[in-house]
Amino acid sequence: TASAQMVEAILFDRKKILAGIITFFGLLVVGSYILGFGLHPNALDLWGRMPQTVQQLITTNMLIAASGFMVFSGFIVFRIDPILTRVISRLSYSVFHFLYLLVLIPSALWMPLALQALDTGSMVWVWTARAVLILVGLGSIGILTALMTVHPRPHRWLHIFSILGCLFFCLQTVVFDPIIWSIYFP
């Protein structure tokens, strides 16, 4: 029927929009890191005064967090029904669009801002870099909250695995990046 086709088109569009947000802005994040580390001669100085053991811990968690990002993002895009889903009691699937933008846009801005802080020594740039990390952390908490409150809950084990992946992502974006990094940089 025509109404079923319309519902299917809406379902596809919401998922397609989210997949586009993740792909486009995710590539901007990766690109900012490639350009930052590839073109800036002192990019490793972004670690600041951080001890090597803490750097190793954070680097290990970065890899786990990135894997977790892929797992929970895949779950949200491919396993959650955008028509029936409600998160935090009444919000629609479209809240994920906002939350991913809140994570990915500041993430893409962090490297250029942090390198500007490194180059200039200006506390304005340092605090701007810290502010974008706080935004990323807030968006990450939002995604975790949405994942934990999603109804109906599809695919129980995939849902649990996605929450676990998001917890590692939040460890990185809520604790390691805005708090621990800020202690040691500049």
Side-chain angles (χ1 to χ4, degrees), residues 18-77 95-148 161-186:
L18 184 59
I21 288 169
I22 293 168
T23 302
F24 178 76
F25 290 101
L27 287 172
L28 286 180
V29 173
V30 172
S32 74
Y33 276 73
I34 290 171
L35 288 174
F37 283 114
L39 298 178
H40 197 281
N42 300 320
L44 290 177
D45 290 346
L46 289 174
W47 287 109
R49 303 173 320 277
M50 190 177 297
Q52 187 69 31
T53 54
V54 178
Q55 288 180 35
Q56 290 169 345
L57 173 68
I58 290 175
T59 301
T60 301
N61 192 73
M62 276 184 206
L63 297 173
I64 297 168
S67 299
F69 180 88
M70 289 186 247
V71 169
F72 70 76
S73 295
F75 178 77
I76 291 167
V77 171
V95 75
F96 286 112
H97 300 159
F98 169 75
L99 294 171
Y100 272 88
L101 288 170
L102 186 58
V103 167
L104 293 171
I105 292 173
S107 292
L109 294 172
W110 177 78
M111 178 64 76
L113 291 170
L115 289 173
Q116 186 68 21
L118 188 64
D119 289 343
T120 64
S122 168
M123 289 307 291
V124 171
W125 291 112
V126 170
W127 282 102
T128 304
R130 289 175 179 169
V132 298
L133 291 176
I134 291 168
L135 290 175
V136 173
L138 291 172
S140 300
I141 291 169
I143 293 171
L144 178 62
T145 303
L147 268 175
M148 292 177 73
F161 197 54
S162 295
I163 290 171
L164 182 62
C166 197
L167 285 169
F168 279 101
F169 187 72
C170 285
L171 176 62
Q172 188 68 43
T173 60
V174 176
V175 178
F176 290 151
D177 292 344
I179 298 171
I180 303 301
W181 178 77
S182 293
I183 290 170
Y184 292 105
F185 183 84

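Note that the CG atom of Leu46 and the CZ atom of Phe37 stand 6.0 Å from one another [nearest 0.5 Å]. The line from CZ of Phe98 to CD1 of Ile143 is 10.5 Å long, rounded to the nearest 0.5 Å.
Every residue two or more places apart in sequence or in another chain that forms a side-chain hydrogen bond (donor to acceptor under 3.5 Å, both in side chains) with Thr173 is listed here: Ser140.
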Which side-chain N or O atoms in residues 20-35 pair as donor and acceptor under 3.5 Å with protein atoms at least two apart or in another chain?
residue	atom	partner	partner atom	Å
Thr23	OG1	Ala19	O	2.8
Ser32	OG	Val29	O	2.8

Sequence neighbours left out, cut at 3.5 Å: what donor-acceptor pairs do the side chains of residues 54-71 make with other protein atoms?
residue	atom	partner	partner atom	Å
Gln55	NE2	Met50	O	2.9
Thr59	OG1	Gln55	O	2.8
Thr60	OG1	Gln56	O	2.9
Asn61	ND2	Phe168	O	3.4
Asn61	ND2	Gln172	OE1	3.0
Ser67	OG	Leu63	O	3.1

Sequence neighbours left out, cut at 3.5 Å: what donor-acceptor pairs do the side chains of residues 105-113 make with other protein atoms?
residue	atom	partner	partner atom	Å
Ser107	OG	Val103	O	2.6

What pairs of donor and acceptor atoms, side-chain ones from residues 121-138 against any protein atom, are under 3.5 angstrom apart with sequence neighbours left out?
residue	atom	partner	partner atom	Å
Ser122	OG	Val124	N	3.2
Thr128	OG1	Val124	O	2.7
Arg130	NH2	Ser182	O	2.9
Arg130	NH2	Phe185	O	2.7

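Contact check for Leu118 versus Pro186: no side-chain heavy atoms found under the 4.5 Å cut-off.
Between Phe72 and Tyr100, the two ring planes are tilted [angle within 30° to 60°].
In summary, the side chains of Asp119 and His40 do present a donor paired with an acceptor at a separation below 3.5 Å, with no hydrogens or angles considered.
Closest of all the heavy-atom pairs between Leu147 and Ser162 is CD1-O, 4.0 Å.
For residues 45-65, no pair satisfies ring pair (Phe, Tyr, Trp, His ring centres under 6.0 Å), with sequence neighbours left out.
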